[in-house]
Every structure is written in structure tokens, then in C-alpha cells.
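As C-alpha cells, the structure follows; a few thoughts come after it.
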Protein chains: 2
Amino acid sequence: MESEAVILALAALAQSTRLDVFRLLVSREPTGVPAGEIARELAVPANTMSAHLSVLTRAGLVRPERRSRSIIYRADLEHFRSVATFLLKDCCGGRPEVCAPLIADLTPCCPPKEPAHG
Amino acid sequence: MESEAVILALAALAQSTRLDVFRLLVSREPTGVPAGEIARELAVPANTMSAHLSVLTRAGLVRPERRSRSIIYRADLEHFRSVATFLLKDCCGGRPEVCAPLIADLTPCCPPKEPAHG
DNA sequence: TCCATATTTCCAGACTTATAGAATTATTGT
DNA sequence: ACAATAATTCTATAAGTCTGGAAATATGGA
């Protein structure tokens, strides 16, 4: 991942409406949400929301797909993960003491795949 | 962590000079680097750099400490980690399939503490 | 006190972002 | 073709950011 792409993603998320949109779309994976409904749920005018969705799309964090009259937006979790990876490796490279507690913190919600016996 | 604080941190890192500063300071932990040297190494005028350092400081990502005539800046890795945790739990809550590969990706560089026998 | 060093604050200009009204485009049904 | 629905683009305004020259502030040494 290029640092230019990371900056684009960080800038996209560094705005409260857009952070809310991204969280909403993550919570609605894998179904996605039409643009109008996003605007309604977050109480933002449709055209303003359209501008925000365009920023998130350019940043690669969401992807639009037309379905009949609606345009369904979905979070691109792969892209988000690669941004997070860049950030953490940047920080972690040579400094395990930083990421180890983060992994410890994350593991309870994301258990590494195990054979089902416990 | 408040989402307001996260937005501040994301905005601070969403700028190439500041991302470079943060990376530099992470690589120079725990010694830190004086403001003037940061400016020199990144080829940015001192007053411009001062503005960027102020943004990073307000965001909680770095901390200044005066030592004689110099002001030494250090990365605040704890704060950075709590930003990363917020972002990933936001994404991860209920969706282990997102963070599991990230943990897998991170683990080689940040081995969980083990008794020394390997 | 006077000077040099290190950094910040003040200020202004250029640029970018956030917002939303009005108009436009795309799709579907009658 | 016409109307209704869904979303975007056009446009303008207000607000915020980035940059760096000039001035100001803090520190330490002679």
C-alpha cells in the first residue's frame, strides 16, 4: 500500500459524518445500504451525503453498485484492513512492544481460527 | 477513546509531512528528536514544521519536552495504539473475519510474549 | 547585559473542504 | 411521453488548512 493511498483513507475518515457512514456500512455488511437511506439515517441532505460518499469512494473505503433506481454502498473491508496494516507495521516494525498489547486486545473479538473443540 | 479524539488523530496523520514526522519519531523512540532536527531532516522550514508539530501534539500523537534550548519531540505510542484499537474494534465488533487476517499479518513482527525457549 | 541558538507565534496569501439550494441525470411504472 | 423516485453534478458561500517571511519568546554562555 502506498502512503498516498493511506493519506487519502485517513483524510476520508477524519470527518465525523464520513466516519459515521463508514461505521454504518461496516455494521450493515454484507448487505450494503442505498445512498438515500444513509442520508436519511444520518439526517444529512442527499446531495451533501453524495459528496461525502464520493470522498469515501475515491479513498477506496466504500464501493457503490447500482441496483435499479438505488445505488447501494458497501464498506470495502479489505481496503480498510490494508490501511490498518500499513499503519501498524509502520509503528510496529522493530517495536513489538507496541503491537503486542493491541493484538492481545483484539484477539478476544477475533479469535484465530481453531479446530472446534473449546 | 472518544471518536472526536480519533478524528483529531486521523486528521493529523492525513498529511504527508506529518505522517513523515510521526514515522520518524516512531523510529527514534525512545530517544526523541529536537524540533530543529526534525525540520532539517525533512527539509521543511522551522516555523512550518512547528505548525505541524503543534497539530500532532494537539492530536496527542507526540509530546514535546524542553531540554535546555531544544524541545525534544517523542511519539506517544500508547495514544497511537488506542486510536488503532478504536478503529479496529469499530471494524471488528462482530466481524472477526476482518481482524483475524490482520492479527495473522501482525503476529510475525510482534510475537506474543513467550517464555524464552524457542 | 549582550549575543547566538532554538523554537514558537503572528500574519497573510493560496488553496482546499464542508455544506446545501437548484438543476440535471438515470431508472421505473403508467 | 409523462410523472415519480433516487442519486448526482453544478454552483456558491463560509470555514478551515498549508505555507513561509517576519517578529517575538526562551535558554544558555561570555
Side-chain angles (χ1 to χ4, degrees), chain A residues 3-25 28 31-76, chain B residues 3-25 28 31-76:
Chain A
S3 87
E4 180 55 44
V6 171
I7 284 174
L8 224 57
L10 294 176
L13 294 177
Q15 204 278 344
S16 61
T17 302
R18 289 194 299 260
L19 186 57
D20 289 344
V21 169
F22 187 70
R23 293 172 75 170
L24 174 66
L25 291 181
R28 299 286 191 85
T31 312
V33 185
E37 189 177 329
I38 300 174
R40 225 174 302 118
E41 291 196 25
L42 299 183
V44 170
N47 61 347
T48 301
M49 184 53 77
S50 183
H52 286 308
L53 288 169
S54 154
V55 172
L56 285 165
T57 303
R58 272 198 301 278
L61 290 164
V62 308
R63 302 180 62 144
E65 188 189 342
R66 180 174 282 276
R67 182 136 43 180
S68 172
R69 261 177 294 204
S70 295
I71 294 179
I72 310 294
Y73 280 86
R74 287 190 51 192
D76 187 332
Chain B
S3 87
E4 181 56 43
V6 171
I7 285 175
L8 225 57
L10 295 177
L13 294 177
Q15 204 277 343
S16 60
T17 301
R18 288 194 298 260
L19 187 57
D20 288 345
V21 169
F22 188 71
R23 293 172 77 170
L24 174 66
L25 291 181
R28 299 285 192 86
T31 312
V33 185
E37 189 177 330
I38 300 174
R40 225 174 301 117
E41 290 197 24
L42 299 183
V44 170
N47 61 347
T48 300
M49 183 54 77
S50 182
H52 286 309
L53 288 169
S54 154
V55 171
L56 285 164
T57 303
R58 273 197 301 278
L61 290 164
V62 308
R63 303 180 61 142
E65 189 190 340
R66 178 174 285 276
R67 183 135 43 179
S68 171
R69 260 177 294 204
S70 294
I71 294 179
I72 310 293
Y73 281 85
R74 285 191 52 192
D76 187 332

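Per chain, numbering begins at 1; letters A, B, ... match sequence-line order.
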Could you state the interatomic distance from CG (D76(B)) to CZ (F22(B)), rounded to the nearest 0.5 Å? 8.0 Å
Taking only heavy atoms on the protein side, list every residue of residues 59-70 of chain A lying under 4.0 Å from any atom of DNA chain D, sorted numerically. R69(A), S70(A)
Heavy atoms from other residues, nucleotides or ligands near CZ of R74(B) exceed 12 (cutoff 6.0 Å): yes
Quick check for you: to the nearest 0.5 Å, what is the distance between E41(B) atom CD and R28(B) atom CZ? 4.0 Å
Looking at I72(A), V62(A), L25(A), which one forms a side-chain contact (heavy atoms from CB on, under 4.5 Å) with V33(A)? L25(A)
Span of DNA chain C, from the first to the last nucleotide whose atoms fall under 4.0 Å of chain B heavy atoms: dA4(C) to dT9(C)
More 5' along DNA chain C: A14(A) or G36(B), using each one's nearest nucleotide? G36(B)
note: I72(A), atom CD1; dA6(D), atom C1'; distance rounded to Å ~ 11 Å
Rounded to whole Å, please give me the gap between NE2 in H52(B) and P in dT17(D). 12 Å
Which heavy atom in L61(A) sits nearest to a heavy atom in A12(A), and how many Å separate them? CD1-CB, 4.0 Å
Scan nucleotides 9-16 of chain D nucleotide by nucleotide, 5' to 3', and note B when protein non-hydrogen atoms come under 4.0 Å of the base, S if they reach only the sugar-phosphate, - if neither. B-------
Would you compute the distance between atom CG of D20(A) and atom CD1 of I38(A) and round it to the nearest 0.5 angstrom? 11.5 Å
Taking the side chain from T57(A) and the backbone from L53(A), do they hold a donor-acceptor pair closer than 3.5 Å? yes
Quick one: does any side-chain atom of R66(A) pair with a main-chain N or O of S68(A) as donor and acceptor, under 3.5 Å? yes
Begin with the C-alpha distance, continue with both residues' side-chain angles, and end with the deciding distance and a verdict on side-chain contact (heavy atoms from CB on, under 4.5 Å) for L13(B) and L56(B). CA-CA 8 Å; L13(B) 294 177; L56(B) 285 164; 4.3 Å; yes
With a non-hydrogen cut-off below 4.0 angstrom, is R40(B) in contact with a base, only sugar-phosphate, or nothing? nothing
Does the side chain of T17(B) reach to within under 4.5 Å of the side chain of M49(B), using non-hydrogen atoms? yes
Provide, to the nearest angstrom, the distance between the CD atom belonging to E37(A) and the P atom belonging to dA7(D). 9 Å
Donor-acceptor contact below 3.5 Å, side chain R18(A) vs main chain A11(A): yes
For dT17(D), take OP1 and OP2 only and decide whether either is under 4.0 Å from a side-chain N or O of Q15(A). no
